[in-house]
Amino acid sequence: MKKKVVLAFSGGLDTSFCCIYLSKDLDLEVHSVIVNTGGFSEEELKQIEERAYSLGVASHHAVDAVKGYYDSCLKYLVFGNVLKNNTYPLSVSAERVTQATAIANYAKEIDADFVAHGSTGAGNDQVRFDMIFNILVPKVGIITPIRDLKLSREAEIEYLHQHGVEINAEKAKYSINKGIWGTSVGGKETLTSNGMLPEEAWPTQVTKTEAENVELEFVKGQLIAINGKKYNHPTEAVQVLQQIAAPFGVGRDIHVGDTIIGIKGRVGFEAAAPMVIIKAHHALEKHTLTKWQLSWKDQLAMFYGNWMHEGQFHDPVMRDIEAFLENTQKTVNGKVFVQLLPYRFQIIGIESENDLMSSKFGSYGEMNEGYTGDDVKGFSKIFGNQVSIWHKVNEGIKDE
């Protein structure tokens, strides 16, 4: 009896290669599984299933992880306004955690001997998948053909051709990963430190040119309505906003970051809805949270995003930070008004019953209602008292 291997499958070049290699060269019974984190339509999932069977898999399984992905992960990235290196909304890195976890669970379900993935030896995904598999299914072997064989994309295409599998070489020039939190695009332009992806490489072309205003409503930090229409789950609102905003070309950028294995990397990404949501949410928080809530959120959220990026989702410290982030969202309620324009967007303002910028307590730079000028005089003396003492005591000390 052949041994079973569960293959993380997307239908792309790398995982198509793995299908053939695992069955033909390693003589394994291949069970492909795709974890949908919002990047596939029903029609696309059907096409991927057909492709898997055409490549000879013993079985194919699709996991619908969209809502679970949001509930366990994405909402905390919104609560923390997480942008890696102030740029990247963790479009791929966060979903890999969900995918690896689901694949590990499926491997346990069918009692697989091995799990396999199509990661190369140069990126972050290899560490994320391997580490989570080691944590969740430590007795299951891990096979990584692309990494182990050190294959180029050209070599993979040639191998598939030799086995009668046709692949669109032109399409294979770009590695595209689509999910509900954005789409990454890698190609020759991102392999060096200088170069922008051509217009045709972006998954969504720019078709909207006239300014459009959008009203986003948040309840306890979660997007629940767009332009007055409420949705049953935030993922539905995210997908609708993506359809509205992506044709403007907003949310496109190149992320330059430090990989887990210590090298620098560049990748293009398109994340219209995530970028608009994070910026809108942050604007609402600046009105509804205190200075020190915002300060501690920034520090913890930066760690949370970095640790998520490096695949450490199952570290219990992540649950601790999530508890803090969720607690801060009690007053993050209200509407945010956004204007979309070609290649950019701007936050117009907010309306919230929890707005701390209330005229009842004064207007910045104009009037105050909660204290007098004499109060400020005394406060200023006390607030600067220790620094004042230092200067008096050390008056003779000069900088060398």
Side-chain angles (χ1 to χ4, degrees), residues 3-10 14-15 18 22 28 30-38 61-77 80 82 84 90-148 177 179 181 184 257-263 265 300-326:
K3 291 187 175 182
K4 295 179 184 178
V5 58
V6 168
L7 170 65
F9 187 75
S10 67
D14 294 333
T15 56
C18 289
L22 292 169
L28 297 172
V30 180
H31 297 267
S32 58
V33 59
I34 184 168
V35 182
N36 182 20
T37 51
H61 179 63
V63 178
D64 183 356
V66 179
K67 291 182 179 178
Y69 174 35
Y70 175 88
D71 292 338
S72 66
C73 176
L74 292 184
K75 75 175 183 180
Y76 299 107
L77 298 182
V82 174
K84 177 74 172 173
L90 301 189
S91 302
V92 175
S93 45
E95 75 177 6
R96 290 294 184 256
V97 168
T98 295
Q99 291 168 335
T101 300
I103 291 163
N105 290 335
Y106 187 64
K108 286 190 286 189
E109 183 180 325
I110 70 167
D111 196 23
D113 301 285
F114 302 98
V115 288
H117 57 90
S119 302
T120 70
N124 292 315
D125 285 347
Q126 58 178 328
V127 178
R128 296 173 183 134
F129 277 104
D130 284 7
M131 181 169 56
I132 288 173
F133 293 158
N134 285 330
I135 292 169
L136 299 182
V137 283
K139 296 181 180 179
V140 175
I142 301 171
I143 304 174
T144 55
I146 310 300
R147 176 175 64 185
D148 296 344
N177 185 95
W181 212 235
S184 69
D258 297 288
T259 65
I260 303 169
I261 58 176
I263 62 176
L300 288 173
M302 179 179 291
F303 176 87
Y304 186 86
N306 286 336
W307 216 215
M308 177 76 75
H309 176 75
E310 299 192 356
Q312 292 282 7
F313 177 75
H314 293 285
D315 188 327
V317 73
M318 300 293 272
R319 309 293 82 77
D320 299 332
I321 296 174
E322 288 165 1
F324 171 83
L325 292 174
E326 186 140 28

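Given the structure is predicted, the values throughout are model-derived calculations rather than measurements.
Taking Tyr69 as the reference, nothing meets the ring pair (Phe, Tyr, Trp, His ring centres under 6.0 Å) condition, with sequence neighbours excluded. By the side chain to side chain contact (heavy atoms under 4.5 Å, CB included) test, Ile261 is found to be paired with Gln126, Val127, Thr259, Ile263, residues two or more places apart in sequence or in another chain being considered. Partners of Asp130 according to the salt bridge (charged side-chain N to carboxylate O under 4.0 Å, His left out) rule, which considers only residues two or more places apart in sequence or in another chain, are Arg147. The side chain to side chain contact (heavy atoms under 4.5 Å, CB included) check on Ala112 picks up Lys4, Val6, Ala107, Ile110, with sequence neighbours excluded. Residues passing the side chain to side chain donor-acceptor pair (under 3.5 Å) test with Asp315, sequence neighbours excluded: Trp307. Every residue meeting the side chain to side chain donor-acceptor pair (under 3.5 Å) condition with Asp258, not counting sequence neighbours, appears here in chain and number order: Lys264. With sequence neighbours excluded, the residues forming a salt bridge (charged side-chain N to carboxylate O under 4.0 Å, His left out) with Glu326 are Lys75, listed by chain and number. For Glu310, there are no side chain to side chain donor-acceptor pair (under 3.5 Å) partners at least two apart in sequence or on another chain. Gln99 pairs by the side chain to side chain donor-acceptor pair (under 3.5 Å) definition with Arg96, not counting sequence neighbours. Residues forming a side chain to side chain contact (heavy atoms under 4.5 Å, CB included) with Ala104 (at least two apart in sequence, or on another chain): Phe133, Leu136, Val137. By the side chain to side chain contact (heavy atoms under 4.5 Å, CB included) test, Thr15 pairs with Phe9, Ser10, sequence neighbours left out.
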Chi angles and distances behind the side-chain contact (heavy atoms from CB on, under 4.5 Å) call for Val92, Asn124: CA-CA 10 Å; Val92 175; Asn124 292 315; over 6 Å; no
Test Phe303 against Ile321 for side-chain contact (heavy atoms from CB on, under 4.5 Å), laying out the working first. CA-CA 9 Å; Phe303 176 87; Ile321 296 174; 3.5 Å; yes
Start with the C-alpha distance between Thr101 and His314, add both sets of side-chain angles, then the distance that settles side-chain contact (heavy atoms from CB on, under 4.5 Å), and finish with yes or no. CA-CA 9 Å; Thr101 300; His314 293 285; 3.0 Å; yes
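Considering all non-hydrogen atoms of both residues, Ala301 and Val82 come closest at O-CG2, 3.8 Å. Heavy-atom minimum distance, Pro138 versus Ile135: CD-O, 3.9 Å. In this structure, Val97 and Gly311 approach most closely via the heavy-atom pair CG2-CA, 4.2 Å. Pairing each heavy atom of Ser93 with each of Arg128, the nearest pair is CB-NH2, 3.0 Å. Across all non-hydrogen atoms, the minimal contact from Val66 to Gly38 is CG2-N, 3.4 Å. The two residues Cys18 and His117 have their closest heavy-atom pair at SG-O, 4.3 Å.
Between Ile142 atom CD1 and Phe129 atom CZ the span is 11.0 Å, to the nearest 0.5 Å. Taking CZ of Phe114 as the start and OG1 of Thr144 as the end, the distance is 12.5 Å to the nearest 0.5 Å. Here the straight-line distance linking atom CZ of Phe313 with atom OH of Tyr304 works out to 5.5 Å at 0.5 Å rounding. Note that the OG1 atom of Thr98 and the CG atom of Leu74 stand 7.0 Å from one another [nearest 0.5 Å]. Distance check: Leu7 CG to Ile34 CD1 gives 10.5 Å after rounding to the nearest 0.5 Å. Interatomic distance, CG of Asp125 versus CG of Asn177, reported as 7.5 Å (0.5 Å rounding).
The number of heavy atoms from other shown groups lying within 6.0 Å of CE (Met318) is above 12.
Applying the salt bridge (charged side-chain N to carboxylate O under 4.0 Å, His left out) definition to pairs two or more places apart or across chains, none involves residues 107-122.
Residues Val63 and Tyr106 form no side-chain contact, since every pair of their non-hydrogen atoms from C-beta on lies 4.5 Å or further apart.
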